[in-house]
Protein chains: 2
Amino acid sequence: MEESTTTIYDVARVAGVSMATVSRVVNGNANVKEKTRQKVLDAIEELDYRPNAVARGLASKRTTTVGGVLPTITLPYFAEIARGIDDIASMYQYNVILVNSDGEEEKELKVIESLFSKQVDGIVYMGSFMTEKVRKQLQSTRTPIVLAGMIDVDKRMSSVNIDYRLAAHQTTSELLQNNKRIAFVSGSLEEAENTERMVGYQEALEEAGLKFDESLVFEGNYSFENGLALAEQMLSKKIDAAIVSYDTVAVGLLNALLAKGVKVPEDFEIISGSNSPITAYMYPGLTSVNQPLYDIGAVSMRLLTKLMHKEEIEENQLILAHQIINRGSTK
Amino acid sequence: MEESTTTIYDVARVAGVSMATVSRVVNGNANVKEKTRQKVLDAIEELDYRPNAVARGLASKRTTTVGGVLPTITLPYFAEIARGIDDIASMYQYNVILVNSDGEEEKELKVIESLFSKQVDGIVYMGSFMTEKVRKQLQSTRTPIVLAGMIDVDKRMSSVNIDYRLAAHQTTSELLQNNKRIAFVSGSLEEAENTERMVGYQEALEEAGLKFDESLVFEGNYSFENGLALAEQMLSKKIDAAIVSYDTVAVGLLNALLAKGVKVPEDFEIISGSNSPITAYMYPGLTSVNQPLYDIGAVSMRLLTKLMHKEEIEENQLILAHQIINRGSTK
DNA sequence: TTGTAGGCGTTATCAC
DNA sequence: GTGATAACGCCTACAA
């Protein structure tokens, strides 16, 4: 109930020391005699003193707050990464301001601007595509940036990813064991992750002595509805298996296939791209590439702390290991 | 690239006015001659000046940042609410710091403490249960709080919810059209939302002339696994329908039933509690109570803005309308 | 080891 | 309408 904010100054008075000493104690500075440290701690306790991070931020130019930019937190893919970020952030005493951009440039520029205005110490950028304007905006300051789950084409920005090409290669090969006509379903091929996947897909085909058929490539968006709509086309094209980058799309596809009486995996096999919880919720469960999303977030944030503390970085393009989780949607 | 932060002072110099005037312009204060306003705006443009929210926060004691406390952002239920919060927050020029508590008191106290330290202007609290310590902590300051999707037992804190009792009553009644033995599956009955639901369930039974059977009540956690495990028990108890508070649990139940060859909805009907996207993803889709989660978040944040701006509130216990979305899991 | 004093970038209160 | 001039709460040389 005490509204009058108690400051470092009040603590100093009660403890009978100067505010500088209180500041030292609060910041864990070693150069304080144990006895005075204790006096200060007692005073802090007594007054229920709470450091004001805003004042601290102004004086030290470090806010211990980072920004997290993502299209929308409602996609499990991003929520999972965000959770990894938050855990490591809180471990290092940072808070994270999450901003949703909906992937709209206009909005993205605006929210990033607000992040800068709040003087965040760093930014983790999630998403799939970065427009030129956003890139410029992000690079117009010295604020460290890490891309989580997104490849930087010119490798200037730090990033944390899995090897999308390899994963696509492996899953395609797996499907090729029982199938010939395999669809490649991804998001926009303007996004580097997807072109990487495409290469992996093509490599696997070639390895199996099959030729690439462009009509088996489906470029679409993230949505469940997109997946639903795909089933029809797949069947009419006599496709018998699919690797799908986004889980929600894979789920939609599975759902529509089941509704049409198609047996999965007997008549159609599916492997989805990121093993979010929903892949396990389905019946049958979706065999899926396990992107370690939480880890991608966690490692990104860890990398960001190093950048913010100006530590030496050995490698700024991190690749984490993925696995393939076999469930009911494949034989 | 310009690292030297340009301040309000630089702008003043370039525009040939005092910093006070610049401040007025930046804050849209009316008492500025149009001509000088233009000079200032030009200078701002020229210097690419960006207001420092931290300094502003210190001077004005308002940070235009709010905190969002939730168990974990990875549950779609909370992600959806969080999205509603963020949209309205950004509409009112607020940013939100999201903190995950995992529902652990210790951690929750810590993250809320960090929120206060950051001088947030308000807090939206999501979750299902608030311990006494947390309640005390939250009420130890004048920072406005709004509970989103959570009932405050003594109605002191503002909150936004749906009418859980009514929803449970309706769904139970719906299931009673074709079934006699209906399970009530919820989270902890220590949580007010769940006891409300329980009352609605009992009301419906009574209305149908059935007596309440305690062995049909399943109190568990949020998890998919919990749902999976339930199927076995349900079948052995000859239960033929269930209303399930949490979607993930309902999904697990559905999944396990299908795996056991039980036909849904022919042999077993399910209605789940919050219509998160996954309910639609399932096959068959889950009939579900549509809790307007996004709106709960949005309305909570709107309410919070009123509280923060000390506007008059007519009612602080808001109830939003719900609907029942019929899908394949009911006849 | 501890204290003094000058910022940090704005807002806000008075005068003019 | 505009300009000084204190705060705001803390950090950080620099002194002592």
Side-chain angles (χ1 to χ4, degrees), chain A residues 2-41 43-44 47-65 93 114 116-121 141, chain B residues 2-41 43-44 47-65 93 114 116-121 141:
Chain A
E2 5 62 74
E3 186 58 346
S4 57
T5 45
T6 96
T7 76
I8 207 173
Y9 194 81
D10 301 317
V11 176
R13 192 167 30 69
V14 171
V17 299
S18 78
M19 47 181 299
T21 299
V22 177
S23 175
R24 290 191 187 95
V25 171
V26 170
N27 292 293
N29 188 312
N31 296 339
V32 182
K33 212 195 300 176
E34 185 50 35
K35 195 171 171 185
T36 59
R37 170 189 306 282
Q38 202 51 55
K39 277 195 303 185
V40 172
L41 289 177
I44 287 177
L47 298 177
D48 191 27
Y49 165 75
R50 206 181 266 152
N52 180 325
V54 174
R56 186 185 294 206
L58 182 59
S60 70
K61 291 176 170 272
R62 306 196 324 110
T63 55
T64 60
T65 301
Q93 322 272 34
S114 80
F116 282 145
S117 150
K118 291 277 164 70
Q119 315 295 118
V120 293
D121 296 337
T141 75
Chain B
E2 4 62 73
E3 186 59 345
S4 56
T5 46
T6 96
T7 77
I8 206 173
Y9 193 81
D10 301 319
V11 176
R13 192 168 30 70
V14 171
V17 299
S18 79
M19 49 183 298
T21 299
V22 177
S23 177
R24 290 192 187 94
V25 172
V26 170
N27 291 294
N29 188 312
N31 295 338
V32 181
K33 211 195 301 175
E34 185 49 34
K35 196 171 172 185
T36 60
R37 171 188 305 283
Q38 202 50 55
K39 276 194 303 184
V40 172
L41 289 177
I44 287 177
L47 298 176
D48 190 26
Y49 165 75
R50 204 183 268 153
N52 180 325
V54 174
R56 186 183 295 203
L58 181 59
S60 70
K61 291 176 170 276
R62 305 196 324 112
T63 56
T64 61
T65 300
Q93 322 272 33
S114 80
F116 283 144
S117 150
K118 290 278 164 71
Q119 315 295 119
V120 294
D121 296 338
T141 74

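Chain naming here is simple, since letters A, B, ... match the order of the sequence lines and numbering starts at 1 in each.
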Select base, sugar-phosphate, or nothing to describe what [X] touches, counting heavy atoms under 4.0 Å on all strands.
X      : result
S23(A) : base
R50(B) : sugar-phosphate
V26(B) : nothing

Does a nitrogen or oxygen in the side chain of [X] sit under 4.0 Å from OP1 or OP2 of [N]?
X      : N      : value
T7(A)  : dC8(D) : no
K61(A) : dG9(C) : yes
N52(A) : dC8(D) : no
T36(A) : dT2(C) : yes
T21(A) : dG3(C) : yes
R56(B) : dG9(C) : no
Y9(A)  : dG3(C) : no
S18(A) : dT4(C) : no
T5(B)  : dG9(C) : yes

From [atom1] of [X] over to [atom2] of [N], roughly how many Å is that when rounded to an integer?
X       : N       : atom1 : atom2 : value
Q38(B)  : dT2(D)  : CD    : P     : 13 Å
N27(B)  : dA12(C) : CG    : P     : 7 Å
M19(A)  : dC10(D) : CE    : P     : 8 Å
N31(A)  : dA13(D) : CG    : P     : 13 Å
R13(B)  : dA4(D)  : CZ    : C1'   : 18 Å
K33(A)  : dG3(C)  : NZ    : C1'   : 14 Å
Q119(B) : dC10(D) : CD    : P     : 8 Å
K118(A) : dT10(C) : NZ    : C1'   : 15 Å

> Taking atom OG1 of T141(A) and atom CD of Q119(A), what is their separation to the nearest 0.5 Å?
Replying inline: 10.0 Å
> Atom CD in E34(B), atom NZ in K39(B): separation rounded to 0.5 Å?
Replying inline: 12.0 Å
> Between K118(A) and T65(B), is any side-chain donor less than 3.5 angstrom from a side-chain acceptor?
Replying inline: yes
Kindly point out which of [options] is positioned nearest to the side chain of [X]?
X      : options                   : value
L58(B) : dT2(D), dT11(C), dG9(D)   : dG9(D)
I8(A)  : dT10(C), dC10(D), dA12(C) : dC10(D)
R24(A) : dT11(C), dT2(D), dG3(C)   : dG3(C)
S60(A) : dG3(C), dC11(D), dT2(C)   : dC11(D)

> Sub-3.5 Å donor-acceptor pair from the side chain of N27(A) to the main-chain atoms of N29(A), do we have one?
Replying inline: no
>> I'd like to check T5(A) versus K61(B) (side-chain heavy atoms, cut-off strictly below 4.5 Å). Are they in contact?
In response: yes
> Nearest heavy-atom pair of N52(B) and V54(B): which atoms, and what distance?
Replying inline: OD1-N, 2.7 Å
>> Determine whether a donor-acceptor pair (one donor, one acceptor, N or O, separation below 3.5 Å) exists between the side chain of R37(B) and the base of dG1(D).
In response: no
